[in-house]
Amino acid sequence: MHIGHMVPLFAMHHLQNAGHRPIILVGGGTARIGDPSGKSDMRKMQTVEEIQDNAEKLKKQISRFISFDDGGAKLLDNAEWLAPLNYIEFLRDIGRHFSVNRMLTFEAYKKRMENGLSFIEFNYQLLQSYDFLELYRRENCILQIGGDDQWGNIVAGMELIRRVEAGDAMGLTFPLVTRSDGKKMGKTEKGAVFLDPSMTSVFDFFQYWRNVADADVEKFLLMYTFLPVDECKRLGALKDQEINKAKEILAYEQTKIIHGKEVADNVLAAAHAAFSSGGADDKSGMPSCDMSAADFSAGINILDLFAETELCSSKSEARRLVKQNGAAVNGDKITDPDAVIDSGFIKDGEIILKAGKKRFFRIIIK
RNA sequence: GGGGAGGUUCCCGAGUGGUCAAAGGGGGCAGACUGUAAAUCUGUUGCUUCGGCUUCGAAGGUUCAAAUCCUUCUCUCCCCA
């Protein structure tokens, strides 16, 4: 789960507030098949344990803004009805309603016609349509929402419901959220910005939002926060230095939604501490680790120290950083790769490392 | 089953016996400029005890020397059946 997946979930939040009952469907059954809308590779297969584990995590993550309490949202796994499927019966009852000619006209398949499309991927549409049908039958679900790459699959499901149950179902899709520079939302080239704090630290998460392009501020406030529309517009219209406030609010609100208010407050203070107020604010939201005072009594080489933290992944990288004038300890640049960090650097029981202008790491001395 | 084309460092993509840790581009990182923005410019981009070490789908082989040649295997794509 990364922030690129959030839009349909936010839509769910709003729909739930309007009195609807959201059902989140996890693809425990379809996880074993590729999705033709994916770029080119088949989805990697997952074990049953992985799927269940993921489903639990998912529920935990989204329960902050979608209520699973009594009568609230439901989380279902399509393995429940896909796993016991009988192939012959499926062909007879479901397959007969699909026209290959029509399926081939969908954009998602057209693309794949050039470099190959396996049969199981081609079948994905039938399965997703069947999911919709089952949800219609079991939960009286009449609306399916998803990214616009799901358009064809959703429409196919609507048609199936009409043919089989003479029911009237609807679809709602959202365009892929892009940033003003044309890239996909939530993708840094290093990888996606994940909701799980063990994959993307809350500090980095906050900073991602804090650093969005000016042109994206209003759009993201509207899409990714629950602030009133007027307020979003007002903030998005701020200029120059002022718009930084809007970005901070965006980052704070978003962090609050995903990680909770307490974490958001901490990270906000940590960001202040790192970037402006000379260390007066609470730094507990900053990425950190514990080290013992004894480790520093003999001193630690600057390169080793940086390589130990998440700031640098190897000593070579640390060396580069130091050479290029990008490393700082407690705010002072260190340019000598042989520099040794010892107890003298400990201030108020901690040492603050900085790589470049925006990446911080806090070593807490125990 | 038959025939053909391929698998190169994060990605795309050069490289067909030594000058290759491997062109170029993208991305990343750092520096300058700024508003913790964008754009731009510059540097950098396998690891290292700085002696070297490991990388070009996998395993063997030829050679003083291989990403480059040979063998087997494996995966992908295309055409025919």
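Predicted model only: the values in this text are computed from it and were never measured. Naming: A, B, ... by sequence-line order, numbering from 1 per chain.
Straight-line distance from the OH atom of A:Tyr208 to the P atom of B:G28: 11 Å, rounded to whole Å. Per the geometry, NZ belonging to A:Lys354 stands 11 Å off P belonging to B:U36, to the nearest Å. Atom CG of A:Leu321 is separated from atom P of B:G31 by 7 Å (rounded to the nearest Å). Atom CG in A:Asn211 sits roughly 11 Å away from atom P in B:C29 (whole-Å rounding). We find that NZ of A:Lys239 is positioned 16 Å from P of B:A38, with the value rounded to whole Å. Atom CG in A:Asp214 sits roughly 11 Å away from atom P in B:A39 (whole-Å rounding). In this structure, A:Arg359 places its CZ atom 9 Å from C1' of B:A30, rounding to the nearest Å. Between the CZ atom of A:Arg210 and the C1' atom of B:A38 there is a distance of 14 Å, rounded to whole Å.
B:C20 and B:A65 have their C1' atoms separated by 13 Å, with the value rounded to a whole Å. For the P atoms, the distance linking B:A37 with B:U48 amounts to 29 Å, nearest Å. For the P atoms, the distance from B:A66 to B:A21 is 12 Å, rounded to whole Å. Nucleotides B:U8 and B:C56 have their C1' atoms positioned 4 Å apart, rounded to a whole Å. Across the P atoms, B:U9 and B:G3 are found 30 Å apart, a figure rounded to whole Å. With C1' as the reference atom, B:U72 and B:A23 are 32 Å apart, rounded to whole Å. Between the P atoms of B:U16 and B:U68, the separation comes to 12 Å (whole Å). For the P atom pair drawn from B:G60 and B:A67, the interatomic distance equals 15 Å after rounding to whole Å.
When both distances must be under 3.5 Å, the Watson-Crick or G-U wobble mate of B:G46 is B:C53. Searching all strands for a Watson-Crick or G-U wobble partner of B:A32 with both distances below 3.5 Å returns B:U40. If you check B:U62 for Watson-Crick or wobble pairing at under 3.5 angstrom, you find it has no partner at all. B:U76 is paired with B:A5 under the criterion used here, namely a Watson-Crick or G-U wobble arrangement in which both key atom distances are under 3.5 Å.
Remark: A:Lys333 is in phosphate contact with B:G31, judged by side-chain N or O atoms under 4.0 Å from OP1 or OP2. Taking 4.0 angstrom as the limit, A:Lys245 places none of its side-chain polar atoms (N or O) nearer than this to OP1 or OP2 of B:U36. A:Lys357 has a side-chain polar atom (N or O) that falls below the 4.0 Å cut-off from OP1 or OP2 of B:A32.
Inspection of the A:Gln150 and A:Gln144 side chains reveals no N or O donor paired with an N or O acceptor under 3.5 Å.
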Sequence-aligned protein contact record of nucleotides 44-54 of chain B, with B where the base is within under 4.0 Å of a protein heavy atom and S where only the sugar-phosphate is: SS-SBSB----
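Between A:Glu253 and A:Lys256, at least one side-chain nitrogen of the basic residue sits less than 4.0 Å from a carboxylate oxygen of the acidic one, meeting the salt-bridge criterion. A salt bridge between A:Glu242 and A:Lys239 is absent, with no side-chain N of the basic residue lying under 4.0 Å from a carboxylate O of the acidic one. Taking 4.0 Å as the cut-off between side-chain N and carboxylate O, A:Lys261 and A:Asp265 count as a salt-bridged pair. Salt-bridge annotation for A:Arg137 and A:Glu134: present, with a side-chain N of the basic residue lying under 4.0 Å from a carboxylate O of the acidic one.
For A:Asn244 and A:Ala355, each mapped to the nucleotide of RNA chain B holding its nearest heavy atom, the one lying further toward the 5' end belongs to A:Ala355.
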Please table the atom pairs, donor to acceptor, closer than 3.5 Å between any side-chain atom in residues 349-361 of chain A and protein atoms at least two apart or in another chain.
| unit_1 | atom_1 | unit_2 | atom_2 | d |
| --- | --- | --- | --- | --- |
| A:Glu350 | OE1 | A:Arg362 | NE | 2.9 |
| A:Glu350 | OE1 | A:Arg362 | NH2 | 3.2 |
| A:Glu350 | OE2 | A:Lys283 | NZ | 2.8 |
| A:Arg359 | NH2 | A:Leu311 | O | 2.3 |

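Follow the hydrophobic side-chain contacts under 4.5 Å out from A:Tyr252 and you never reach A:Leu222; the two are in separate clusters.
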Worked check of side-chain contact (heavy atoms from CB on, under 4.5 Å) between A:Glu139 and A:Arg21: CA-CA 10 Å; A:Glu139 306 287 342; A:Arg21 192 164 56 91; 3.5 Å; yes
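For B:G51, the glycosidic angle deviates from 0 by 90° or less, giving a syn base.
Contacts of A:Glu242 with the nucleic acid, taken as non-hydrogen atoms under 4.0 Å apart, are absent.
Under the salt bridge (charged side-chain N to carboxylate O under 4.0 Å, His left out) criterion, no residue pair touches residues 337-348 of chain A, with sequence neighbours excluded.
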